[in-house]
Amino acid sequence: MRGRDPRNQASEHQDMILTSDEAHLEEDFKETGRKLFAGECNFIWAAPNIANLPPQGAPEIAFAGRSNVGKSSLLNALTNRKALARTSNTPGRTRELNFFALGGPPETARLRLVDMPGYGYAAAGKEKVATWTKLMQSYLRGRLTLLRVFVLIDGRHGLKAIDEEMLDLLDKSAVSYQIVLTKRDEVKATDAAQCLAKTLLSIGKRPAAFPEIIFTSSEKGEGIAELRESIARLLAERGF
Ligand code: GDP
């Protein structure tokens with residue numbers, strides 16, 4: 001399930017008047033996305049602090065979300081792996097930025113996937129939250145190769161105050177971001193449509209938000225091909 005901001009009339013109109021050439025391009029992105037994620041994907045780096053980031057190289061897309069939103073499951077579904085993102089969920093690594101190289105060894109990779117530490121731990125103290133925020137701020141503001149952050153939101157609950165704080169941080173950092181709703185299989189069709197519409201409405205006011213939302217289920221594979229397609233399109237648009 002995918003939703004676009006209805007106020008984005010130009011693109012909606014464009015969607016309806018695709019020429020045959022453009023329609024072909026549409027198909028290509030889905031196939032490009034499939035191929036992109038069918039390749040090799042390897043863990044390359046864990047950064048516990050900003051002094052230890054890997055040198056910039058291939059373009060990066062990052063994945064953020066509150067803990068338990070389904071981020072590891074989505075990364076595994078995207079890359080067709082069972083345990084790619086397991087490292088991020090092991091104790092002690094949950095505060096790190098984890099980097100994966102997609103499509104070959106780090107030097108020749110097409111894209112890097114960055115698993116950002118989950119936020120909103122009930123048990124996290126003030127000090128830990130401050131350290132997390134500092135790491136996020138420094139990464140978001142200083143990373144020229146970062147193309148977009150995909151912010152995962154639990155489709156059963158929609159945007160919560162803690163998610164809004166993350167979006168505030170992204171807006172302040174002027175980094176493009178796109179919402180991905182998770183756990184579609186746990187939501188009734190009418191509730192899913194409502195959640196999509198409500199979320200689109202609230203991000204409409206946000207300057208750095210990309211006006212399209214994809215509703216996914218890692219469990220059932222729903223929306224995964226669309227997400228890969230969106231990433232392939234983003235790479236092409238940015239000239240990669
Ligand atoms: P993370 O903490 O954000 O990395 O979340 P996980 O990927 O570890 O998932 C948290 C919980 O949500 C686990 O119990 C998963 O099995 C469950 N989960 C994740 N994605 C889905 C989904 O698409 N559908 C359903 N029903 N459960 C999911």
Side-chain angles (χ1 to χ4, degrees), residues 1-18 22-23 25-26 29-30 33 61-71 73-75 77-78 116 118-120 136 140 146-238:
M1 183 184 262
R2 181 162 25 190
R4 220 171 223 290
D5 189 335
R7 283 163 302 178
N8 201 328
Q9 291 298 334
S11 61
E12 199 181 40
H13 188 53
Q14 266 170 8
D15 283 352
M16 291 187 291
I17 54 162
L18 286 176
E22 285 167 330
L25 276 180
E26 289 283 302
F29 284 119
K30 200 156 231 173
I61 54 168
F63 294 83
R66 72 187 297 179
S67 52
N68 238 23
V69 72
K71 185 157 53 66
S73 306
L74 188 81
L75 280 166
L78 264 179
M116 300 178 105
Y119 52 81
M136 291 302 104
L140 293 170
L146 176 61
L147 303 187
R148 182 169 291 166
V149 177
F150 289 86
V151 184
L152 277 50
I153 303 294
D154 196 320
R156 299 170 303 178
H157 312 305
L159 282 171
K160 295 283 171 205
I162 188 90
D163 301 309
E164 302 274 4
E165 281 178 32
M166 180 73 208
L167 304 190
D168 288 345
L169 182 63
L170 288 160
D171 278 324
K172 273 190 211 134
S173 315
V175 173
S176 165
Y177 61 90
Q178 183 170 353
I179 304 283
V180 175
L181 294 166
T182 62
K183 309 190 186 180
R184 169 70 186 84
D185 58 288
E186 296 232 322
V187 187
K188 281 191 288 183
T190 45
D191 294 341
Q194 214 169 40
C195 179
L196 196 59
K198 206 172 154 199
T199 314
L200 272 171
L201 193 66
S202 55
I203 61 153
K205 295 170 245 151
R206 292 185 165 276
F210 187 73
E212 186 182 89
I213 295 177
I214 300 172
F215 213 142
T216 60
S217 164
S218 302
E219 199 97 341
K220 305 277 183 221
E222 195 179 332
I224 302 300
E226 286 77 9
L227 183 54
R228 291 188 191 125
E229 178 189 354
S230 198
I231 294 164
R233 190 188 303 275
L234 170 68
L235 275 174
E237 279 168 5
R238 302 287 184 92

Checklist line | Taking every non-hydrogen atom, the tightest pair across A189 and R184 | finding: CA-NH2, 3.9 Å
Next item on the list: Could I get the full list of side chain to side chain donor-acceptor pair (under 3.5 Å) partners for E219, not counting sequence neighbours?
Entry: none
Notebook entry, point to check: Considering only heavy atoms from C-beta outward, does the side chain of D163 approach that of V69 to under 4.5 Å?
Noted result: no
Check: Under the 3.5 angstrom rule, does the side chain of T216 hit a backbone N or O of E222 as a donor-acceptor pair?
Finding: no
Margin query: To the closest 0.5 Å, what do you measure between CG (L235) and OG (S230)?
Written below: 10.5 Å
Next item on the list: Any chance you could measure L78, atom CG, to R228, atom CZ, to the nearest 0.5 Å?
Entry: 6.0 Å
Notebook entry, point to check: Hey, what do you get for CG (L181) to OG1 (T199), rounding to the nearest 0.5 Å?
Noted result: 5.0 Å
Next item on the list: Return the minimal non-hydrogen interatomic distance between L147 and I61, and the atom names on each side.
Entry: CB-CG2, 4.3 Å
Next item on the list: Evaluate the criterion side-chain contact (heavy atoms from CB on, under 4.5 Å) for residue pair I224 and L74; output intermediate values, then yes/no.
Entry: CA-CA 8 Å; I224 302 300; L74 188 81; 3.7 Å; yes
Check: Do the side chains of V149 and M136 get nearer than 4.5 Å, heavy atoms only?
Finding: no
Check: Shortest non-hydrogen contact from S218 to G70?
Finding: OG-O, 4.5 Å
Next item on the list: Give me the one residue out of D171, I179, L170 that meets side chain to side chain contact (heavy atoms under 4.5 Å, CB included) with R206.
Entry: D171
Notebook entry, point to check: Closest approach of C195 and G158, non-hydrogen atoms and distance?
Noted result: SG-CA, 4.0 Å
Note to self: Looking at Q194, I'd like to know if its CD atom is crowded, meaning that more than 12 non-hydrogen atoms belonging to other residues, nucleotides or ligands lie closer than 6.0 Å.
What the structure shows: no
Next item on the list: State the CE-CG distance between M1 and L196, to the nearest 0.5 angstrom.
Entry: 6.0 Å
Next item on the list: Would you give the length of the straight line joining atom NZ of K205 to atom CG of L167, rounded to the nearest 0.5 angstrom?
Entry: 11.5 Å
Notebook entry, point to check: From L227 CG over to Q178 CD, what is the distance, rounded to the nearest 0.5 angstrom?
Noted result: 7.0 Å
Notebook entry, point to check: Looking only at heavy atoms, which two atoms of F210 and I203 are closest? And how far apart?
Noted result: O-CD1, 3.6 Å
Notebook entry, point to check: Got a salt bridge between E226 and R2, using NZ or NE/NH1/NH2 to carboxylate O under 4.0 Å?
Noted result: no
Check: Of the non-hydrogen atoms in T182 and F215, which two are nearest, and what is the gap between them?
Finding: O-CE2, 3.6 Å
